[in-house]
Every structure is written in structure tokens, then in C-alpha cells.
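Working notes, beginning with the structure itself.
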Amino acid sequence: MPELPEVETVRRGLEPVLTGATIVRADIRRPDLRWPFPDGMAKQLEGNRVEQLRRRSKYLLADLSSGESLLVHLGMSGRILIYPGDRDRVAVGKFAHPHPALEKHDHVVLDLETGARIVFNDPRRFGAMDLLQTSAQDSHRLLVQLGPEPLGNDFHSAYLADRFDGKRAPVKAALLDQRNVAGLGNIYVCEALHRSGISPKRQAGHLSQSQIDRLVRDIRDVLDEAIAAGGSSLRDYRQTDGDLGYFQHRFRVYGREGAPCSTPDCQGAIARIVQSGRSSFFCPQCQR
DNA sequence: CTTGGGTCCTGTGCGC
DNA sequence: TGCGCACAGGACCCAA
């Protein structure tokens with residue numbers, strides 16, 4: 001999926017289009033993604049204004065005028081595209097539809113009063129949508145266990161040291177565990193560990209305090225840089241306008257098996273190993 | 001409690 | 001050009 005930087009990029013793309021706009025029509029084109037959509041979702045959306053578009057970890061939350069929020073998760077392959085529409089063309093009756101034809105895997109379509117159309121497309125359908133009471137957000141089953149935002153004030157080295165204390169799991173697994181810190185995925189964990197010079201195989205509980213300090217800083221840095229670059233574009237991810245993100249050009253280890261390590265004075269080559277079924281990319285020379 | 005493995009689904013890229 | 005296989009950004013669920 002899109003990890004935190006990609007979801008934040010989507011949020012920033014959607015925000016100006018969605019905030020303050022009223023949903024005039026919701027077209028739910030199949031009964032489910034990863035889970036069934038809530039009963040009557042289309043009706044709960046239609047007629048509502050979107051008050052605010054927020055992000056929590058890798059989830060988007062659109063707060064509605066009804067007091068409910070639409071929760072959206074992009075899974076592995078989910079995309080949201082905006083078609084600005086063209087009211088004038090509709091108004092003069094030249095075109096029955098200002099938007100391009102729907103494509104395969106376009107599962108949810110929201111038409112806004114402004115004429116804009118928001119399309120959720122997800123080939124693998126690991127994504128999710130749900131409705132929740134905005135005031136009870138934190139008790140939602142998908143959000144209740146999430147750890148702190150890595151870019152927020154609650155994520156700091158004392159916190160992480162406490163969470164990692166006594167853990168025998170590899171630090172790679174511990175950082176992917178959303179209960180420890182919420183929003184990292186495979187790419188940015190690999191990248192942060194490389195920047196910190198920490199092997200993904202190291203037991204989380206065996207890191208020194210200075211390594212944890214460094215790791216916290218590097219996690220924040222890599223996420224900030226990725227957001228500034230508009231996220232990373234791999235197979236499926238695009239920004240809301242269909243453009244590519246650019247951060248993938250700055251990967252130091254992810255997807256670079258066999259390439260020379262980019263650390264100054266390091267003669268190592270990037271290796272790939274499998275940890276709990278997922279690829280870890282790292283430099284065995286400078287990550288210890 | 002922690003940890004690791006299997007699983008959902010479709011698409012793509014590679015080797016043959 | 002076609003075919004089969006490995007692999008893909010997530011995270012739930014269950015067994016040990």
C-alpha cells in the first residue's frame with residue numbers, strides 16, 4: 001500500500017476538492033472490498049458535506065456534516081483519482097457526462113455538487129471503507145490499537161525504547177507492527193534502518209539508546225522527505241491527479257538488491273532477505 | 001502475552 | 001508470443 005507518505009499525498013490532493021463540498025451521489029459498484037461495505041453506505045454519504053479530510057496512520061477520514069466519518073484504507077493497490085469535471089459543459093448540454101468512462105476496478109464513485117468526481121480504484125481489493133461516529137473514532141476496531149503517529153509529538157526515543165524493551169522480534173517486524181508506531185510499511189522501514197545503520201535482523205530489545213535516538217530521527221526524516229517528494233510511485237500508486245510521486249528515485253536500499261551501498265566509504269552491496277514473508281533490503285556491511 | 005506463518009485478490013514482469 | 005511462477009506498498013487471524 002501506499003504507506004504514510006503516499007496516504008498523506010493523497011490527502012493533500014483530495015483536501016481542496018473535498019473540503020466543503022457536498023456529495024450528491026455515491027455509486028457503490030460492488031458489495032465489498034476486504035470487508036463488506038456498511039449497510040446503506042451510499043445513502044449515508046449522499047447529501048452530506050465533507051467538513052474535513054484527515055489522516056490517521058494509513059487511513060483517510062472524511063468527516064461528514066452528519067457527524068459520521070468515512071474511513072478509507074487503500075490496502076496494497078488502492079488509488080483515489082479526482083476528475084475535476086466541467087460544469088459548464090454539462091450546463092450547456094454538450095455532454096451528458098463530463099467524466100471519462102469508468103474503468104475496471106473502479107469500485108466507489110463519489111460525485112460532488114461542484115461537478116468533481118472522486119473515484120476509488122483497487123485491483124487487489126485489500127482496501128477498506130467504513131463509516132464511524134466521528135466522536136468515537138478512537139474506539140473503531142481498525143484504529144483502536146494503533147500506536148502514535150511517527151511525525152507527531154508522542155513518537156520519541158523514550159517512547160520507542162519503552163516499546164522495544166524486552167522484545168525479541170527483529171526490529172524490522174517491530175517497526176512494521178502498527179501498535180508500536182502507526183504508518184510505516186515495508187519500504188520506509190527498510191529505508192529508515194539503512195539510514196540508521198541498523199540491521200533489520202537485530203532484535204528490537206537489543207538496540208542501544210543512541211541507536212533508538214538515531215532511528216526515531218531517521219524515521220521522521222525519511223517520511224518528511226517522501227511527503228515533500230509526493231510519495232513513491234511503484235506499480236500501483238499515483239497521486240490523485242494521476243501523476244507519479246518521485247521519492248522512489250531516492251531509495252537507498254528498497255528494490256536495489258545487488259547495487260552498491262550509497263553510504264559514504266561503504267564498499268557493501270545491497271542484499272535482500274525474507275523476514276516474515278516480506279523482502280528486507282539492507283547493506284550487510286554498514287547495517288549491524 | 002509474543003511471535004511467525006497463512007491468507008485474502010489481481011496484475012506484472014521475468015525466464016524459458 | 002505464450003505460459004507458469006514469483007512477487008508486490010497491508011494487516012487480520014490463528015496456532016504454537
Side-chain angles (χ1 to χ4, degrees), chain A residues 1-11 29-37 55-60 71-80 103-107 120-130 140-147 150 162-193 200-206 219 222-223 226-227 229-239 244-251 253-258 272-281:
Chain A
M1 136 187 195
E3 304 181 28
L4 186 154
E6 289 72 42
V7 177
E8 179 59 22
T9 300
V10 169
R11 193 195 69 77
R29 305 174 56 75
R30 55 170 298 123
D32 55 20
L33 292 170
R34 179 168 185 174
W35 297 289
F37 292 119
R55 179 188 59 71
R56 170 75 171 107
S57 181
K58 304 171 192 174
Y59 296 90
L60 289 171
L71 172 149
V72 180
H73 193 283
L74 300 174
M76 295 272 263
S77 58
R79 284 201 252 168
I80 298 177
E103 295 177 15
K104 202 174 175 184
H105 309 306
D106 284 346
H107 303 312
F120 181 92
N121 177 290
D122 184 8
R124 291 176 73 181
R125 303 205 306 274
F126 286 179
M129 285 193 198
D130 201 3
H140 189 274
R141 65 182 185 93
L142 294 172
L143 307 180
V144 70
Q145 297 227 66
L146 292 177
D162 181 56
R163 292 292 302 190
F164 280 5
D165 185 35
K167 275 207 181 353
R168 285 173 305 156
V171 62
K172 170 79 186 299
L175 290 173
L176 286 174
D177 186 336
Q178 305 293 300
R179 293 169 299 185
N180 293 325
V181 55
L184 297 176
N186 204 32
I187 292 178
Y188 296 105
V189 167
C190 289
E191 292 297 314
L193 287 171
K201 295 187 281 192
R202 278 291 293 280
Q203 290 182 21
H206 285 185
I219 287 169
V222 75
L223 295 178
I227 291 169
S232 306
S233 300
L234 296 181
R235 287 189 177 81
D236 300 312
Y237 174 71
R238 294 289 185 281
Q239 295 185 35
L244 298 167
Y246 293 97
F247 192 73
Q248 68 276 13
H249 302 301
R250 292 203 245 150
F251 289 165
V253 288
Y254 187 82
R256 303 192 66 235
E257 184 178 12
R272 184 178 79 96
I273 60 172
V274 175
Q275 291 180 287
S276 46
R278 330 208 35 199
S279 290
S280 291
F281 297 92

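In what follows, chains are A, B, ... by sequence order, proteins preceding strands, each numbered from 1.
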Quiz item: Are OP1 or OP2 of C/dG9 and a side-chain N or O of A/Lys58 less than 4.0 angstrom apart?
Solution: no

Heteroatom pairs (N/O) under 3.5 angstrom, protein to nucleotides 13-16 of chain C:
none

Scan nucleotides 1-3 of chain B against the protein and return all N/O pairs shorter than 3.5 Å with their distances rounded to 0.1 Å.
from	atom 1	to	atom 2	distance (Å)
B/dT3	OP1	A/Arg168	N	2.8
B/dT3	OP1	A/Ala169	N	3.0

Quiz item: Can you name the nearest heavy-atom pair linking A/Gly183 to A/Gln178, along with the distance?
Solution: N-OE1, 2.8 Å

Quiz item: What residues, two or more places apart in sequence or in another chain, satisfy side chain to side chain donor-acceptor pair (under 3.5 Å) together with A/Gln275?
Solution: A/Ser280

Quiz item: A/His105 side chain N/O closer than 4.0 Å to the phosphate oxygens (OP1, OP2) of B/dG11?
Solution: yes

Practice problem: Between A/Arg278 and A/Arg272, just flag the one whose closest nucleotide in DNA chain C comes earlier from the 5' side. | Solution: A/Arg272

Self-check item: A/Arg250 atom CZ: more than 12 heavy-atom contacts under 6.0 Å
Solution: yes

Quiz item: Of all residues at least two apart in sequence or in a different chain, which pass the side chain to side chain donor-acceptor pair (under 3.5 Å) check with A/Arg141?
Solution: none

Quiz item: Do you know the tightest heavy-atom contact between A/Arg56 and A/Leu146?
Solution: NH2-O, 3.3 Å

Quiz item: Which heavy atom of A/Arg79 sits nearest a heavy atom of A/Leu74, and at what distance?
Solution: N-CD2, 4.3 Å

Quiz item: How is A/Gly185 classified with respect to the nucleic acid when contacts are heavy atoms under 4.0 Å: base, sugar-phosphate, or nothing?
Solution: sugar-phosphate

Self-check item: Partners meeting side chain to side chain donor-acceptor pair (under 3.5 Å) with A/Arg125 (sequence neighbours left out)
Solution: none

Quiz prompt | Nucleotide nearest A/Tyr59 when distance is taken to its side chain, options C/dG10, B/dG11, C/dA11 | solution = C/dA11

Self-check item: Heavy-atom closest contact (A/Ala182 atom, A/Ser57 atom, distance)
Solution: C-OG, 3.3 Å

Quiz item: Would you say A/Ser77 reaches C/dA8's phosphate, i.e. side-chain N/O to OP1/OP2 under 4.0 Å?
Solution: no

Self-check item: Any N/O donor-acceptor pair, A/Arg124 side-chain to C/dA8 base, under 3.5 Å
Solution: yes

Self-check item: d(CG, A/Leu142; P, C/dC12) in whole Å
Solution: 6 Å

Exercise. Give the minimum heavy-atom separation between A/Gly185 and A/Leu176, together with the two atoms involved.
Key: C-CD2, 3.3 Å

Practice problem: With pairs defined as Watson-Crick or G-U wobble and both distances under 3.5 angstrom, please note down DNA chain B as a dot-bracket string, | for pairing with another strand. | Solution: .|||||||.|||||||

Exercise. On the 0 to 90° scale, with breaks at 30° and 60°, tag the A/Phe251-A/Tyr188 ring pair as parallel, tilted or perpendicular.
Key: perpendicular

Quiz item: Using centres under 5.5 Å plus planes under 30 degrees as the test, is A/Phe126 stacked with C/dG10?
Solution: yes

Quiz item: Any side-chain N or O of A/Tyr188 less than 4.0 Å from the OP1 or OP2 oxygen of C/dG9?
Solution: no

Quiz prompt | Heavy-atom closest pair, residues A/Thr9 and A/Gly230 | solution = OG1-C, 3.4 Å

